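Take a look at the structure set out below.
The figures that follow rest on heavy atoms only: side chains count, while hydrogens, waters and symmetry mates do not. Just so we're clear, the structure is a prediction, and the values are computed from it rather than from any experiment. In what follows, chains carry the letters A, B, and so on, assigned in the order in which the sequence lines appear, proteins first and then strands, with residues in each chain numbered from 1.
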Number of protein chains: 2
Amino acid sequence: MPRVSEQYRADRRAEIMAAAARLFAINGFHSTSMADIIGESGLSAGAVYRYFRSKEDLITAVAETALSSADEVFGSLLAEGATPSPEQAMTAMIHVIDGEMAHHPALGIDVTRVGLQVWAEALRSPQVAARADGVYKRLRGYFAEVARRWQAAGQLDAGAVPEQVGAAMLGLMQGFIVQRLLVDGTDPDDYLAGVKALRQSID
Amino acid sequence: MPRVSEQYRADRRAEIMAAAARLFAINGFHSTSMADIIGESGLSAGAVYRYFRSKEDLITAVAETALSSADEVFGSLLAEGATPSPEQAMTAMIHVIDGEMAHHPALGIDVTRVGLQVWAEALRSPQVAARADGVYKRLRGYFAEVARRWQAAGQLDAGAVPEQVGAAMLGLMQGFIVQRLLVDGTDPDDYLAGVKALRQSID
DNA sequence: AGAATAAAGGCGAATGTTCGTTCTTGATAA
DNA sequence: TTATCAAGAACGAACATTCGCCTTTATTCT
């Protein structure tokens with residue numbers, strides 16, 4: 001069916017990416033073959049290669065999707081929750097991971113699984129590494145903004161450096177992603193309770 | 001040189017594993033070929049396959065080393081530091097990651113890089129997943145023990161659940177591992193300052 | 001003690017498979 | 001008729017692994 005609409009092309013591309021993402025989430029980038037992806041997509045080799053120049057292209061595209069998904073989801077959290085308390089903010093973030101990220105609305109997969117693959121891939125692909133660096137710096141910036149609001153509300157020491165607090169918050173989220181996938185029985189509310197208790201510890 | 005001592009065999013095995021670990025840390029498990037490992041080890045294909053039945057065996061062995069390295073290093077931290085304050089404990093843990101783990105004494109590599117690969121691999125290998133689950137539960141147990149000591153010293157609310165606090169501490173460490181490798185300019189002391197400030201935030 | 005033998009270690013070319021990718025051919029909408 | 005797209009067989013490269021041969025050490029026999 002030649003001479004196809006722009007929409008058609010975009011949809012096909014998205015279909016292929018979704019098929020690849022499903023397999024990547026299960027077996028990782030490098031234990032998934034192009035034959036697997038071609039099969040899962042229901043198209044032919046020739047068709048897939050019309051939409052993606054190479055496997056690396058496909059990996060980069062899926063990694064990009066996973067990273068921007070995190071960006072969007074945490075960004076919108078900041079936009080909505082005007083001035084959340086520390087506890088509210090933590091709760092919202094953890095539930096976003098356990099909710100929208102664990103069941104991605106568009107891809108229908110657990111994007112945090114792809115996230116773990118992206119972290120590993122960033123160690124060998126400068127392109128993925130650059131995107132990851134950019135996205136995580138932006139996330140840290142979002143969290144730093146939250147910290148600033150806490151300072152304004154007197155919930156956080158005025159002398160604290162917001163970017164540093166943002167890094168710690170980001171770290172707590174990344175740690176939850178790891179444990180949720182790797183440690184059996186990890187529960188969002190248990191984790192949140194632990195964070196809260198730790199926040200109230202004194203030296 | 002047939003009929004060789006037990007020590008000799010163990011040394012050779014360790015050499016091969018170290019060669020593999022060096023490459024895995026750079027390119028990951030599945031973008032490193034057996035030919036690469038054979039070359040790096042300085043031995044022949046036949047020799048390497050005498051010590052490891054398959055590539056998967058080699059991956060499992062290296063993953064195991066990385067995981068037990070984390071276990072040992074955090075376990076000994078608990079043994080030494082009798083009753084550290086929250087701040088002291090966090091500082092010690094972060095510096096262990098930035099020190100002994102970033103420059104593994106035996107392997108001479110950054111084991112946290114292998115750690116990221118292990119996380120990704122755990123998603124597809126039940127064997128690696130089981131080991132990761134076991135090790136992280138033990139680490140969480142170590143940290144829970146620290147939390148109990150804080151409770152005894154009145155530094156942590158008596159109603160807090162030590163295992164939950166341990167999970168949060170573990171999460172902070174895993175998050176630091178991610179950021180140190182992926183976010184340019186991540187600094188241990190900045191991260192610690194962020195954790196401290198966050199710990200002093202109030203709802 | 002010294003020669004012969006047995007067994008283990010090491011080597012590297014060879015093997016069969018799987019990989020990512022390409023190319024030819026046929027079909028379809030403009 | 002022409003340009004676009006899909007199909008899938010075909011291709012060379014790279015892959016993990018094996019196998020036959022040679023070397024070296026430990027043991028046995030004379």
Side-chain angles (χ1 to χ4, degrees), chain A residues 1-64 117 120-121 124-125 127-128, chain B residues 1-24 26-63 117 120-121 124-125 127-128:
Chain A
M1 320 113 183
R3 199 127 270 186
V4 116
S5 74
E6 196 65 31
Q7 184 62 44
Y8 178 90
R9 279 197 62 85
D11 289 351
R12 272 293 149 87
R13 213 183 128 89
E15 272 176 36
I16 296 168
M17 263 191 54
R22 281 195 294 277
L23 299 177
F24 288 161
I26 295 169
N27 286 323
F29 296 135
H30 302 289
S31 299
T32 300
S33 70
M34 284 302 286
D36 293 338
I37 295 169
I38 288 158
E40 175 80 11
S41 75
L43 297 178
S44 65
V48 169
Y49 271 89
R50 183 173 296 279
Y51 291 89
F52 292 92
R53 196 184 314 258
S54 66
K55 185 183 182 183
E56 181 139 348
D57 254 39
L58 207 31
I59 291 175
T60 305
V62 171
E64 167 64 28
Q117 309 291 346
E121 185 67 11
R124 45 169 246 101
S125 158
Q127 198 172 349
V128 174
Chain B
M1 320 117 185
R3 199 123 270 185
V4 116
S5 74
E6 197 65 32
Q7 184 62 45
Y8 179 91
R9 279 196 63 84
D11 288 352
R12 270 293 149 87
R13 213 182 128 90
E15 271 176 37
I16 295 169
M17 263 191 53
R22 281 194 293 277
L23 299 178
F24 287 161
I26 295 170
N27 286 324
F29 295 137
H30 302 289
S31 299
T32 300
S33 71
M34 285 301 286
D36 292 338
I37 296 169
I38 287 158
E40 176 79 11
S41 75
L43 297 178
S44 66
V48 168
Y49 272 89
R50 184 173 295 278
Y51 291 91
F52 293 91
R53 196 185 313 259
S54 66
K55 186 182 180 182
E56 181 139 348
D57 255 38
L58 207 32
I59 290 175
T60 305
V62 170
Q117 310 291 344
E121 186 66 12
R124 44 170 248 99
S125 158
Q127 198 172 351
V128 174

### Task
For A:Ala45, check side chain to side chain contact (heavy atoms under 4.5 Å, CB included) against everything at least two apart and list the hits.
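Scan of A:Ala45 (side chain to side chain contact (heavy atoms under 4.5 Å, CB included), adjacent residues dropped) gives A:Ile38.
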Measure the distance from [atom1] on [X] to [atom2] on [N] and round it to the nearest whole Å.
{"X": "A:Arg50", "N": "C:dG26", "atom1": "CZ", "atom2": "P", "value": "17 Å"}
{"X": "B:Glu15", "N": "C:dG10", "atom1": "CD", "atom2": "P", "value": "10 Å"}
{"X": "B:Arg9", "N": "C:dA7", "atom1": "CZ", "atom2": "C1'", "value": "13 Å"}
{"X": "A:Asn27", "N": "C:dT18", "atom1": "CG", "atom2": "P", "value": "16 Å"}

### Query
In the 5'-to-3' direction, what one-character label does each nucleotide of nucleotides 11-18 of chain D receive under the scheme B = base within less than 4.0 Å of a protein heavy atom, S = sugar-phosphate only, - = no such atom?
----SSBB
### Query
Can you name the residues that form a salt bridge (Lys or Arg N to Asp or Glu O under 4.0 Å) with A:Arg9, not counting sequence neighbours?
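With neighbours one apart ignored, the set is empty.
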#### Entry: side chain to side chain donor-acceptor pair (under 3.5 Å) pairs, two or more places apart, involving residues 47-58 of chain A
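Output for this query is empty, none listed.
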### Message
I need the full list of ring pair (Phe, Tyr, Trp, His ring centres under 6.0 Å) pairs touching residues 19-38 of chain A, with sequence neighbours left out, sorted by first then second residue.
### Response
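Applying ring pair (Phe, Tyr, Trp, His ring centres under 6.0 Å) to every pair that reaches into residues 19-38 of chain A, excluding sequence neighbours, yields A:Phe24-A:Phe29.
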### Query
In chain order, what residues pass the side-chain hydrogen bond (donor to acceptor under 3.5 Å, both in side chains) check against B:Ser33, with sequence neighbours excluded?
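B:Ser33: side-chain hydrogen bond (donor to acceptor under 3.5 Å, both in side chains) contacts with B:Asp36.
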### Query
With a non-hydrogen cut-off below 4.0 angstrom, is B:Phe52 in contact with a base, only sugar-phosphate, or nothing?
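Nothing, no heavy atom under 4.0 Å.
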### Message
Tell me the closest heavy-atom pair linking B:Arg124 and A:Ile26, and the distance in Å.
### Response
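What the structure gives for the nearest pair is CB-O, 3.7 Å.
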### Task
Consider the side chain of B:Tyr51, meaning its heavy atoms from C-beta on, and name the nucleotide among D:dC5, C:dG9, D:dA7 that approaches it most closely.
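Within the option list, the nearest is C:dG9.
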### Task
State whether A:Ser44 places a side-chain N or O below 4.0 Å from either non-bridging phosphate oxygen (OP1 or OP2) of D:dA6.
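Checking D:dA6 against A:Ser44, no side-chain N or O comes under 4.0 Å of OP1 or OP2.
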### Query
Between A:Arg12 and D:dA6, is there a side-chain N or O to OP1/OP2 distance below 4.0 Å?
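So the side chain of A:Arg12 is within the cut-off, an N or O lying under 4.0 Å from OP1 or OP2 of D:dA6.
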